[in-house]
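Below is one structure, written out as structure tokens; the observations come after it.
Computed from a prediction, not measured in an experiment: that's the story for all the values here. Basis for what follows: all heavy atoms, side chains included, without hydrogens, waters or symmetry-related copies.
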Amino acid sequence: MIKIKKIDHVAICVSDIDEALPRYRDLFGLEDGSREVVASQKTDACLLPVGDSNIELIAPKGNAGLEKFLEKRGPGIHHIALEVEGIEDALAALKVLGVKLIDEVPRMGARGHKVAFVHPHATGGVLIELVEPE
Ligand code: ZN
């Protein structure tokens, strides 16, 4: 049984974080929290805290998947991240169910968290990221 704790973040793909940030600040009063280039994922990422959760702005820094996303669909919601307890166990449980995974083993994401993506084919078209804080 997978234990989901909360929505960690909703990720919005943009072409330029510096261009997108003022919009979220001016329209919704959201302040940027942590900003980092995530080398392992070739992305620029900025978290805007919203209560216990976050909006995450992500822009490609050589990430071909994000570049393709922007080219095909333009900026928009890219994925939803669920915080899980025990990401390895969660992945194993999904694998038993025959769920198509993008990451069969967790990798290092933003904030040093362990992350793994579930293929949108398995979820009805939504890219889901599992996150476990270190
Ligand atoms: Zn994410």
Can you tell if the side chain of Val50 reaches within under 4.5 Å of the side chain of Leu30, non-hydrogen atoms only? yes

Heavy atoms only: give me the nearest Pro49-Gly33 pair and the separation to one decimal. CD-N, 3.8 Å

Examine Ile4 and Ile80 and state if one hydrophobic cluster contains both, with Ile, Leu, Val, Met, Phe, Trp and Tyr joined whenever side-chain heavy atoms are less than 4.5 Å apart. yes

By side chain to side chain contact (heavy atoms under 4.5 Å, CB included) - contacts of Glu85 (at least two apart): Lys3, Lys5

Sorted by chain and number, sequence neighbours left out, salt bridge (charged side-chain N to carboxylate O under 4.0 Å, His left out) with Glu36 holds for none

Roughly how far, to the nearest 0.5 Å, is the NE2 atom of His113 from the CD atom of Glu134? 9.0 Å

Spacing of Cys46 atom SG and Ile58 atom CD1 [to the nearest 0.5 Å]: 12.0 Å

Suppose we screen for side chain to side chain donor-acceptor pair (under 3.5 Å). Which residues come up paired with Glu129, at least two apart in sequence or across chains? His9, His79

For the side chain of His121 and the backbone of His119, is there at least one donor-acceptor N/O pair under 3.5 Å apart? no

Show the numbers, then the answer: is there a side chain to side chain contact (heavy atoms under 4.5 Å, CB included) between Leu130 and Val115? CA-CA 6 Å; Leu130 304 179; Val115 306; over 6 Å; no

Asn54: which residues meet the side chain to side chain donor-acceptor pair (under 3.5 Å) condition with it, sequence neighbours left out? none

Quick one: which residue pairs count as a salt bridge (charged side-chain N to carboxylate O under 4.0 Å, His left out) with a foot in residues 41-62, not counting sequence neighbours? Arg35-Asp44

Single-linkage hydrophobic cluster Ile55~Leu82, side-chain heavy atoms < 4.5 angstrom: yes

Determine, using the 4.5 Å side-chain heavy-atom cutoff (strictly less than), whether Ile17 and Ile12 are members of one ILVMFWY cluster. yes

Give the table of side-chain donor-acceptor pairs shorter than 3.5 Å for residues 88-103, with sequence neighbours excluded, one pair per line with atom names and distance.
residue : atom : partner : partner atom : Å
Glu88   : OE2  : Lys114  : NZ           : 3.1
Lys95   : NZ   : Glu104  : OE1          : 3.0
Asp103  : OD1  : Arg107  : NE           : 2.9
Asp103  : OD2  : Arg107  : NE           : 3.3
Asp103  : OD2  : Arg107  : NH2          : 3.3
Asp103  : OD2  : Phe117  : N            : 2.8

Go through the steps for Leu21 and Leu48 under the test side chain to side chain contact (heavy atoms under 4.5 Å, CB included), then give the verdict. CA-CA 9 Å; Leu21 261 180; Leu48 312 174; 3.5 Å; yes

Any side-chain to backbone donor/acceptor pair from Thr43 onto Pro60? Under 3.5 Å, distance only. no

Between Pro106 and Ala116, which heavy-atom pair has the shortest distance, and what is it? CA-CB, 4.3 Å

Got a sec, which hydrophobics cluster with Leu47, joining ILVMFWY side chains under 4.5 Å apart, including via others? none

Are Ile128 and Ile87 linked, directly or through other ILVMFWY residues, by side chains that come within less than 4.5 angstrom of each other? yes

Tell me if a side-chain donor or acceptor on Glu83 pairs with a main-chain N or O of Glu132 at a distance below 3.5 Å. no

Under a single-linkage rule joining Ile, Leu, Val, Met, Phe, Trp and Tyr whose side-chain heavy atoms are separated by less than 4.5 Å, which residues share a cluster with Met1? none

How would you list, by chain and number, every residue that makes a side chain to side chain donor-acceptor pair (under 3.5 Å) with Asp32, sequence neighbours excluded? none

Are Val38 and Val105 connected into the same hydrophobic cluster when the rule is that any two of I, L, V, M, F, W, Y join if their side-chain heavy atoms are below 4.5 Å apart? no

Hey, can you pull the donor-acceptor pairs under 3.5 Å for the side chains in residues 63-77, sequence neighbours left out?
residue : atom : partner : partner atom : Å
Asn63   : OD1  : Gly65   : N            : 2.9
Asn63   : OD1  : Leu66   : N            : 2.9
Asn63   : ND2  : Gln41   : O            : 2.8

List the steps, then state whether side chain to side chain contact (heavy atoms under 4.5 Å, CB included) holds for Ser53 with Asp8. CA-CA 5 Å; Ser53 191; Asp8 182 75; 5.6 Å; no

Sequence neighbours excluded - ring pair (Phe, Tyr, Trp, His ring centres under 6.0 Å) pairs with any residue from residues 22-57: none

